[in-house]
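In what follows, a structure is listed as C-alpha coordinates, so that the remarks can point back to it.
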Amino acid sequence: MARGERRRRGAPVDGARAAEGAARGGPARRESRGGVARGTVAAAVLVIVVLPLALTLSGSWLLAWHRARRAVTLHSAPPALPPNSSSPAMAPDLFWGTYRPHVYFGMKTRSAQPLLTGLMWAQHGTAPKLRHTCEQGDGVGPYGWEFHDGLSFGRQHILDGALRLTTEFVKRPGGQHGGDWSWRVTVESQASATMSSGPPTQDFPC
(Lines give C-alpha, C1' and ligand atoms only; values in the text may rest on other atoms or scores of the structure.)
Protein backbone atom coordinates (compact mmCIF):
# COMPACT_ATOMS: atom_id res chain seq x y z
CA MET A 1 0.00 0.00 0.00
CA ALA A 2 2.82 2.31 0.73
CA ARG A 3 4.38 1.62 -2.61
CA GLY A 4 1.09 2.37 -4.43
CA GLU A 5 0.67 5.52 -2.47
CA ARG A 6 4.07 6.69 -3.62
CA ARG A 7 3.02 6.05 -7.22
CA ARG A 8 -0.17 8.04 -6.84
CA ARG A 9 1.76 10.84 -5.22
CA GLY A 10 4.28 10.84 -8.12
CA ALA A 11 1.64 11.48 -10.77
CA PRO A 12 1.13 15.11 -9.82
CA VAL A 13 4.87 15.55 -10.06
CA ASP A 14 4.81 14.55 -13.73
CA GLY A 15 1.95 16.96 -14.41
CA ALA A 16 3.81 19.79 -12.71
CA ARG A 17 6.84 19.08 -14.86
CA ALA A 18 4.73 19.21 -18.03
CA ALA A 19 3.17 22.51 -16.95
CA GLU A 20 6.61 23.90 -16.13
CA GLY A 21 7.91 22.85 -19.57
CA ALA A 22 4.99 24.52 -21.29
CA ALA A 23 5.60 27.68 -19.29
CA ARG A 24 9.27 27.68 -20.26
CA GLY A 25 8.66 27.44 -23.98
CA GLY A 26 6.33 24.79 -25.17
CA PRO A 27 4.59 24.65 -28.58
CA ALA A 28 1.85 27.05 -27.54
CA ARG A 29 4.38 29.66 -26.43
CA ARG A 30 6.36 29.29 -29.64
CA GLU A 31 3.19 29.79 -31.69
CA SER A 32 2.31 32.89 -29.71
CA ARG A 33 5.79 34.31 -30.23
CA GLY A 34 5.55 33.69 -34.00
CA GLY A 35 2.19 35.46 -34.15
CA VAL A 36 3.57 38.47 -32.27
CA ALA A 37 6.57 38.67 -34.63
CA ARG A 38 4.38 38.52 -37.72
CA GLY A 39 2.10 41.20 -36.30
CA THR A 40 5.07 43.44 -35.56
CA VAL A 41 6.43 43.08 -39.11
CA ALA A 42 3.03 43.81 -40.65
CA ALA A 43 2.64 46.91 -38.48
CA ALA A 44 6.12 48.14 -39.45
CA VAL A 45 5.39 47.65 -43.16
CA LEU A 46 2.08 49.46 -42.80
CA VAL A 47 3.78 52.42 -41.11
CA ILE A 48 6.51 52.55 -43.79
CA VAL A 49 3.90 52.64 -46.58
CA VAL A 50 1.27 54.88 -45.01
CA LEU A 51 3.52 57.49 -43.40
CA PRO A 52 5.25 58.73 -46.62
CA LEU A 53 1.90 58.73 -48.42
CA ALA A 54 0.32 60.82 -45.67
CA LEU A 55 3.26 63.24 -45.65
CA THR A 56 3.11 63.62 -49.44
CA LEU A 57 -0.63 64.30 -49.45
CA SER A 58 -0.39 66.77 -46.59
CA GLY A 59 2.53 68.56 -48.27
CA SER A 60 0.64 68.84 -51.56
CA TRP A 61 -2.43 70.16 -49.76
CA LEU A 62 -0.40 72.74 -47.85
CA LEU A 63 1.36 73.88 -51.04
CA ALA A 64 -1.95 74.24 -52.89
CA TRP A 65 -3.45 76.14 -49.96
CA HIS A 66 -0.44 78.47 -49.82
CA ARG A 67 -0.58 79.18 -53.55
CA ALA A 68 -4.32 79.82 -53.48
CA ARG A 69 -3.96 82.14 -50.49
CA ARG A 70 -1.11 84.01 -52.16
CA ALA A 71 -3.06 84.33 -55.43
CA VAL A 72 -6.20 85.81 -53.87
CA THR A 73 -4.46 88.09 -51.38
CA LEU A 74 -4.62 91.61 -52.79
CA HIS A 75 -1.94 94.16 -52.14
CA SER A 76 -2.87 97.07 -49.95
CA ALA A 77 -1.54 99.61 -52.47
CA PRO A 78 -4.05 101.45 -54.71
CA PRO A 79 -4.54 100.09 -58.27
CA ALA A 80 -1.86 101.12 -60.72
CA LEU A 81 -4.46 101.73 -63.44
CA PRO A 82 -7.92 103.21 -63.08
CA PRO A 83 -10.99 101.13 -63.97
CA ASN A 84 -11.65 100.68 -67.70
CA SER A 85 -8.16 102.00 -68.48
CA SER A 86 -7.89 99.65 -71.48
CA SER A 87 -11.22 100.64 -73.05
CA PRO A 88 -11.18 102.43 -76.42
CA ALA A 89 -12.60 105.54 -74.77
CA MET A 90 -9.73 105.78 -72.26
CA ALA A 91 -6.80 104.65 -74.48
CA PRO A 92 -7.87 104.46 -78.13
CA ASP A 93 -4.29 104.20 -79.41
CA LEU A 94 -3.69 101.04 -77.31
CA PHE A 95 -7.02 99.28 -77.85
CA TRP A 96 -5.81 97.32 -80.89
CA GLY A 97 -2.35 95.80 -81.09
CA THR A 98 -0.18 92.72 -81.61
CA TYR A 99 -0.96 91.47 -78.12
CA ARG A 100 -1.29 87.76 -78.92
CA PRO A 101 1.55 85.67 -77.45
CA HIS A 102 2.77 82.30 -78.72
CA VAL A 103 1.72 82.92 -82.34
CA TYR A 104 3.80 84.05 -85.30
CA PHE A 105 1.45 86.95 -85.96
CA GLY A 106 -1.86 88.03 -84.48
CA MET A 107 -3.80 91.06 -83.29
CA LYS A 108 -6.44 91.48 -80.62
CA THR A 109 -8.24 94.08 -78.56
CA ARG A 110 -7.59 94.95 -74.92
CA SER A 111 -10.97 93.85 -73.62
CA ALA A 112 -12.51 91.11 -71.52
CA GLN A 113 -13.86 89.30 -74.62
CA PRO A 114 -11.41 90.31 -77.35
CA LEU A 115 -11.72 89.81 -81.07
CA LEU A 116 -8.78 87.66 -82.19
CA THR A 117 -7.06 87.72 -85.58
CA GLY A 118 -4.11 85.60 -86.63
CA LEU A 119 -2.06 84.08 -89.42
CA MET A 120 -1.94 80.45 -90.57
CA TRP A 121 -0.11 78.97 -93.53
CA ALA A 122 1.07 75.63 -94.90
CA GLN A 123 3.31 74.54 -97.75
CA HIS A 124 2.27 72.03 -100.39
CA GLY A 125 3.93 68.65 -100.06
CA THR A 126 3.53 65.06 -98.97
CA ALA A 127 3.07 66.03 -95.31
CA PRO A 128 2.07 69.70 -95.08
CA LYS A 129 2.30 71.28 -91.65
CA LEU A 130 -0.03 74.05 -90.60
CA ARG A 131 1.86 76.96 -89.06
CA HIS A 132 0.17 79.15 -86.48
CA THR A 133 1.64 78.83 -83.00
CA CYS A 134 5.36 79.18 -82.26
CA GLU A 135 6.68 75.71 -81.51
CA GLN A 136 10.23 74.58 -80.82
CA GLY A 137 11.50 72.14 -83.38
CA ASP A 138 8.99 73.03 -86.13
CA GLY A 139 11.78 74.25 -88.43
CA VAL A 140 10.55 77.85 -88.66
CA GLY A 141 13.06 80.61 -88.14
CA PRO A 142 14.61 82.92 -87.69
CA TYR A 143 11.68 85.25 -87.21
CA GLY A 144 11.08 88.52 -85.40
CA TRP A 145 10.10 92.15 -85.72
CA GLU A 146 12.28 94.32 -87.91
CA PHE A 147 10.69 97.39 -86.35
CA HIS A 148 7.68 98.05 -84.14
CA ASP A 149 6.69 101.25 -82.37
CA GLY A 150 4.25 99.52 -80.02
CA LEU A 151 1.33 101.66 -81.19
CA SER A 152 0.65 102.16 -84.87
CA PHE A 153 2.93 100.15 -87.18
CA GLY A 154 5.33 97.22 -87.39
CA ARG A 155 7.04 94.81 -89.76
CA GLN A 156 8.48 91.34 -89.19
CA HIS A 157 10.07 88.60 -91.28
CA ILE A 158 9.44 84.86 -90.91
CA LEU A 159 11.59 82.22 -92.66
CA ASP A 160 9.97 78.82 -93.22
CA GLY A 161 12.23 76.70 -95.41
CA ALA A 162 12.14 78.15 -98.92
CA LEU A 163 9.45 80.67 -97.95
CA ARG A 164 10.04 84.16 -96.58
CA LEU A 165 6.94 85.75 -95.08
CA THR A 166 6.71 89.45 -94.28
CA THR A 167 3.89 90.72 -92.05
CA GLU A 168 3.12 94.42 -91.77
CA PHE A 169 0.41 96.35 -89.95
CA VAL A 170 -0.62 99.99 -89.63
CA LYS A 171 -3.23 101.75 -87.54
CA ARG A 172 -4.85 105.18 -87.71
CA PRO A 173 -6.94 106.82 -84.99
CA GLY A 174 -10.62 107.55 -85.30
CA GLY A 175 -14.06 106.30 -84.40
CA GLN A 176 -15.20 104.75 -81.13
CA HIS A 177 -13.42 101.41 -81.37
CA GLY A 178 -9.75 102.27 -81.26
CA GLY A 179 -9.33 103.41 -84.84
CA ASP A 180 -8.84 101.46 -88.08
CA TRP A 181 -6.05 99.06 -88.87
CA SER A 182 -4.77 96.94 -91.76
CA TRP A 183 -2.16 94.24 -92.03
CA ARG A 184 -0.43 92.78 -95.06
CA VAL A 185 1.23 89.41 -95.59
CA THR A 186 3.82 89.04 -98.35
CA VAL A 187 5.21 85.62 -99.30
CA GLU A 188 8.40 85.12 -101.28
CA SER A 189 10.11 81.95 -102.42
CA GLN A 190 13.20 81.12 -104.42
CA ALA A 191 11.08 80.54 -107.51
CA SER A 192 9.10 83.77 -107.18
CA ALA A 193 12.25 85.82 -106.57
CA THR A 194 13.16 85.45 -110.27
CA MET A 195 9.67 86.32 -111.53
CA SER A 196 8.96 89.85 -112.69
CA SER A 197 5.43 89.89 -111.30
CA GLY A 198 6.73 89.97 -107.70
CA PRO A 199 5.74 87.95 -104.67
CA PRO A 200 2.09 87.29 -103.77
CA THR A 201 0.60 89.77 -101.36
CA GLN A 202 -2.62 89.76 -99.33
CA ASP A 203 -4.08 92.73 -97.48
CA PHE A 204 -6.47 92.48 -94.54
CA PRO A 205 -8.16 95.81 -93.79
CA CYS A 206 -10.34 96.39 -90.79
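- The cluster map of Ile, Leu, Val, Met, Phe, Trp and Tyr, joined by side-chain heavy atoms under 4.5 Å apart, puts Phe147 and Leu151 in different clusters.
- Between the side chain of His132 and the backbone N or O of Leu119, at least one donor-acceptor pair lies under 3.5 Å.
- Between His148 and Trp145, the ring-plane angle classifies as perpendicular under the 30° and 60° cut-offs.
- Note: the hydrophobic cluster containing Val140 also contains Val185 (ILVMFWY, side chain heavy atoms under 4.5 Å, direct or indirect links).
- One hydrophobic cluster, built from ILVMFWY side chains closer than 4.5 Å, cannot hold both Phe169 and Leu94; they sit in different ones.
- To the nearest 0.5 Å, atom CG of residue Leu130 and atom CD of residue Gln123 are 12.0 Å apart.
- No continuous path of ILVMFWY side-chain contacts below 4.5 Å connects Val103 to Trp181, so the two sit in separate hydrophobic clusters.
- Contact check for Thr167 versus Trp183: no side-chain heavy atoms found under the 4.5 Å cut-off.
- In this structure, Lys171 contributes its side chain and Trp96 its backbone to a donor-acceptor pair below 3.5 Å.
- Counting heavy atoms from C-beta outward, His102 and Glu135 have side chains that approach closer than 4.5 Å.
- A distance-only check finds a donor-acceptor pair linking the side chain of Gln156 to the backbone of Tyr104 [under 3.5 Å].
- Residues Gly178 and Pro88 come closest through the heavy atom pair N-CB, 3.8 Å.
- With a 4.5 Å cut-off on side-chain heavy atoms, Tyr99 and Pro114 do not count as touching.
- Here the closest non-hydrogen pair linking Phe105 and Thr98 is CE1-CG2, 4.1 Å.
- Residue Phe95 holds its CZ atom at 13.5 Å from CE of Met90, rounded to the nearest 0.5 Å.
- A salt bridge links Asp160 and Arg131; the closest N-O separation between the charged side-chain nitrogens and carboxylate oxygens is under 4.0 Å.
- Between the side chain of Thr117 and the backbone N or O of Met107 there is at least one donor-acceptor pair closer than 3.5 Å.
- No donor-acceptor pair under 3.5 Å is formed between the side chain of Arg155 and the backbone N or O of Thr166.
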